[in-house]
Undergrad: 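My questions all concern the structure below.
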Amino acid sequence: MVSISASLVINKPTQEVFDYAASPLNGPAFIPNLNENSNVQPEQPGVGQTFDWRFNMGGVDLRGSAEVTEYDAPHKVTVVTKGDTSSTWLYTFQDEGGNTKVTLEVEYEVAESALQKLVNRAVVERLNKRTAEQSLENLKTILEG
Amino acid sequence: MQMIVTYLLLALSVLLFAHLIFLPLSKKRPIILKGGEASAFFTVLIALVASFLHPVIYIIALASGLFIYFTKCWIVSGVSVENIKSALDKSILATRATNVQNGNKYTLDNSMSITITNLGIKTSYIQYRSHAFSKKSELTKEIFRKFIQNYFI
């Protein structure tokens, strides 16, 4: 498993940031390259909520399903994805004097073949790191703007 | 020399056609012609016609390319204008941008205006005008593109 993380302080209360970021319906709005989260069931966020996702990586469509495995409002939410790529997305929210420090940690599988390993290390890792950082920057733009 | 230019333009046309038209159609997704890619596509396509007909047409090719690039327009095909408006409404809601709507004209965050014109046959012309830079408006525009591309044709 490869792990990447990013964090950012958003000048909004923890509950508001959590409510927005923990909803799969809002994922495509702030996660770059995440084209679609569909078939979200049930609509109410919580442990056991499932959805289908479609992610674009360098022009290639990756698809799969996801499940919320941990939902501790307004502190932590974990989403496990399966399909074309397996990953775990952990969001933590810490109150910082009325503002919120959001940390996003993503763990994903490294492909087995040497070529795929090389591609993963050289390109995908950088792309994913940038995606994590950009996601939080977008979240800040949406919630603070 | 003329022959080489024609073959070069033909090869570029095929590549751009495959990337901008054939690829989305193969996935049953709408076609979005925008920015530098659309500018290059129309320039090369009209220049190809010029290489067969008359060199003066090269000027039209260049002018059309520059027009598309600098007017920041999109041409969307394969989606009804109602669905395009619905995609824009959803993206405005998703980014919590402020919006003033006047018919087919939307003004986001007092910084960007978007005008949607129905050209018929499920094709629309979308014109952007930025009055000031706004990260939220740019993000809304990007999400708008995603939501259009999520439709099936």
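All values below were derived from every heavy atom in this structure, side-chain atoms included, with hydrogens, water molecules and symmetry-related copies excluded. Residue numbering restarts at 1 for every chain, and letters A, B, ... go by the order of the sequence lines.
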Undergrad: Testing the 3.5 Å rule here: is there a donor-acceptor pair between the side chains of B/Lys146 and A/Asn56?
TA: no
Undergrad: Between B/Lys27 and chain A, with a heavy-atom cut-off of 4.5 Å, which part of the residue counts as in contact: side chain, backbone, both or neither?
TA: side chain
Undergrad: Tell me, for B/Gln149 versus chain A, whether the close heavy atoms (under 4.5 Å) come from the side chain, the backbone, both or neither.
TA: backbone
Undergrad: Quick one about B/Asp109 and B/Thr98 (side-chain donor to acceptor, distance below 3.5 Å, no hydrogens or angles considered), yes or no?
TA: yes
Undergrad: Regarding A/Thr78 and A/Glu70, do their side chains bring together a donor and an acceptor under 3.5 Å, going by distance alone?
TA: yes
Undergrad: Do B/Thr140 and B/Thr95 pair up side chain to side chain, a donor and an acceptor below 3.5 Å, judged on atom types alone?
TA: yes
Undergrad: Which answer fits A/Ile31, side chain, backbone, both or neither, if we ask what part of it has an atom under 4.5 Å from a heavy atom of chain B?
TA: backbone
